[in-house]
Amino acid sequence: MDPSPTAPPVPGGPRPGRGRRRGFGTLLAVDLWERFSFYGMAAILVLYLTAAPERGGTGMAPQTATAVFAGYMSLTFMAGLPGGWLADRVLGARRAVLAGGALIASGHGVLTLPSPVALYGGLLLIVAGTGLTKPSLAAMVAAVSDDRDGPGQDRREAAFSLFYLCIQVSALIAPVVTGLLAEKVAWHLGFAAAAFGMTAGLAQFSLGLRRFGDVGRRPVRPLGRDAAERAVRRTAAVLAASAAAAGAAASAGVLGVNGVLACLGLVTVVLPFAYLRSLRRVRGGLGGFTVLMVASSAFWMIFAQSGSVLGLFAERHTDRVVFGFEVPASWFQSVHPLFVLAVAPLLAGLWRRAGPRADVPVKFSGALVAAGASFLLMAVAALLAERGPVGPYWLLLVYLLHSCGEISLAPAGLALAAAVAPSGWTGRFLAVNGLFGAVGVVVGGQLFRLTAVLPLPLYFLLLGGAVLTAGVLVGAGAGRLRVAVRAVRPSPHHGRRPTAPATSGGDRTTP
């Protein structure tokens, strides 16, 4: 779940030639290592949280563990907003990558310590680091790929496509390495492997800085003194309000994991709608766009449970013994990127043959139907699992459907956000796309709590049926949605006051 974000170019890029290509290779290596650490940790986190203390885990209830995982994932979605702003206005892309990489490596290192404080502190460090690193890497990729003597847009699209393929390679390899260490040796060795991956990426970036010329050396739009003072005052006010709320909650005795997750879920759900409302001053007629963004949340609600709910199903209800070797449950997380690499060319050819008929509403509809059908299959598998472990082919088929859905919906969502954005606002509309993804992630994590009172087959049946129905409705209303999206128009207020250039949007993940 990690389509690369689109970001504005960083001024001062090197001249076309070999140095630029070498700089691109350095960024490629950094992104590969960063995603290695991300996917490696994500593959084992829920398994570690739910493992019994005598096995080195925390013994957390599955419902709470999946909610923690969803909260962590949703925060990585949202962290790109402040992270991109800091890179654009204060740090510059280069220092943002260095600082973000150091935070990520430190976070994984902290996770190797067996204590609850280390667990949540490490996750917060990784979130902060990801928010700085991902949009800044994207901005530098855009800069070093921009060919002043040729079709720069084509080069940028090719560069981001290559980055997307590297993400799949990392997602394929990382769970195998960290899962083997975590499940067969010790959980904290898995986190240590993730820390090593990010440290290697940071070292690669530091050694290759000379290849970038002035790319990312300075902020795109430096913060003036007055603006800096306002930013400090607002940040202080937010921190003070947050501290006061936390103090009041602690005094009332409700500042536990569940209370924090509930507040985070509420913020995650409200934020994209509030943010979208603020954007209406520059772009009106966003009804169709909003409907499709909400529909995308339904897809990510199911997709994001791959690393939590399906990981637990692989561990507890799947026959994983092959030729006498018990396959680590985390290895199933490598199946999805493998399917993406295999299926992407086939679906691309299908969309080309379909032509204009395969537009955004149609692709969204297909993705939702695939996601809903995957959970209906899981309902059958969970029912059969009540009599004993089921074969791995159930999960393989589910991951195949998820891969088809992601390939259909993720690029279409990014393209839709870019298409409706007015000039200078693309980054912020792309951020909206990521925020609605976060809604799906956190809602899915909270809904799994229903399994405390609902049988697992019924949970899969209800969720799969709801998302399948949503897909059918989007397909039935494709004509109206198509017209609504095309009718998006500038707001009457647009142009009456100066607007700031777009910041580097965060990534889904990038998710």
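As the structure is a prediction and not an experimental result, all values here were calculated from the model.
- Here the two rings, on Y120 and Y72, have centers that are 6.0 Å apart or farther.
- At least one side-chain heavy atom of E34 sits under 4.5 Å from a side-chain heavy atom of T130.
- A side-chain donor-acceptor contact under 3.5 Å links T58 to the backbone of L49.
- No donor-acceptor pair under 3.5 Å is formed between the side chain of W394 and the backbone N or O of A382.
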Evaluate side-chain contact (heavy atoms from CB on, under 4.5 Å) for L456 paired with F460, printing each intermediate quantity in order.
CA-CA 6 Å; L456 191 59; F460 285 128; 3.5 Å; yes

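- In terms of modelled atom types and a separation under 3.5 Å, the side chain of R320 and the main chain of E315 share a donor-acceptor contact.
- Annotation: side chain of L47 is in contact with side chain of W187 (closest heavy-atom distance under 4.5 Å).
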Can you list the steps and then say if T50 with R316 is a side-chain contact (heavy atoms from CB on, under 4.5 Å)?
CA-CA 11 Å; T50 56; R316 301 180 178 188; 3.5 Å; yes

Checking V390 against D319 for the side-chain contact (heavy atoms from CB on, under 4.5 Å) test, could you report, in this order, the C-alpha distance in whole Å, the side-chain angles of both residues, the deciding distance, and whether it holds?
CA-CA 6 Å; V390 299; D319 182 3; over 6 Å; no

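- Between L461 and L376, the closest side-chain pair of non-hydrogen atoms falls below 4.5 Å.
- Residues V90 and R95 come closest through the heavy atom pair O-NH2, 3.9 Å.
- Rounding to the nearest 0.5 Å gives a distance of 11.0 Å between CG of L98 and CG of L103.
- Of the possible polar contacts, none joining the S308 side chain to the A65 backbone as a donor-acceptor pair under 3.5 Å is found.
- The two residues S330 and A43 make their nearest non-hydrogen contact at CB-O, 3.6 Å.
- Between atom OH of residue Y399 and atom OG of residue S334 there is a gap of 10.0 Å, rounded to the nearest 0.5 Å.
- At least one side-chain heavy atom of F205 sits less than 4.5 Å from a side-chain heavy atom of R94.
- Between L123 atom CG and L75 atom CG the span is 9.5 Å, to the nearest 0.5 Å.
- How far OG of S297 is from CD1 of I302: 12.5 Å, rounded to the nearest 0.5 Å.
- Between Q305 and L463 there is a side-chain heavy-atom pair separated by less than 4.5 Å.
- Under a cutoff of 6.0 Å and an axis angle of 45°, K184 and F325 form a cation-pi pair.
- Panel note: side chain T76, backbone V127; no donor-acceptor pair is recorded below 3.5 Å.
- Checking side-chain atoms of W331 against main-chain N and O of V176 turns up a donor-acceptor pair under 3.5 Å.
- Proximity of L310 to H402: side-chain heavy atoms (C-beta onward) are separated by under 4.5 Å at one or more points.
- Side chains of Q446 and M301 form no contact here, defined as non-hydrogen atoms less than 4.5 Å apart.
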Kindly determine whether M293 and L435 satisfy side-chain contact (heavy atoms from CB on, under 4.5 Å), including the steps that lead there.
CA-CA 9 Å; M293 288 294 99; L435 290 175; over 6 Å; no

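- Residue L409 holds its CG atom at 13.0 Å from SG of C404, rounded to the nearest 0.5 Å.
- Shortest non-hydrogen contact noted between S403 and F339 is OG-CB, 3.3 Å.
- Between the side chain of S170 and the main chain of L32, a donor-acceptor pair closer than 3.5 Å is present.
- Between the side chains of H336 and S306, no donor N or O sits under 3.5 Å from an acceptor N or O.
- Taking both residues in full, the closest heavy atoms of F36 and A193 are given as CE2-O, 3.7 Å, listed atom of the first, atom of the second, then distance.
- Partner V432 forms a side-chain contact (heavy atoms from CB on, under 4.5 Å) with one of T290, L271, L276 and no other, that one being L276.
- Residues A42 and F69 share a closest heavy-atom pair of O-CE1, 3.6 Å.
- The two residues V439 and T268 have their closest heavy-atom pair at CG2-O, 3.3 Å.
- A donor-acceptor pair under 3.5 Å links the side-chain atoms of T178 to the main chain of G40, judged by distance alone.
- Screening F289, Y275, W300, F273 for a ring pair (Phe, Tyr, Trp, His ring centres under 6.0 Å) with F436, the sole residue that qualifies is F273.
- Ring to ring, H188 and Y48 are close: their centroids are under 6.0 angstrom apart.
- A donor-acceptor pair shorter than 3.5 Å can be found between the side chains of T451 and Q63.
- A heavy-atom distance below 4.5 Å is not found between the side chains of L395 and H317.
- Here the CD1 atom belonging to I126 is positioned 11.0 Å from the CE atom belonging to M198, to the nearest 0.5 angstrom.
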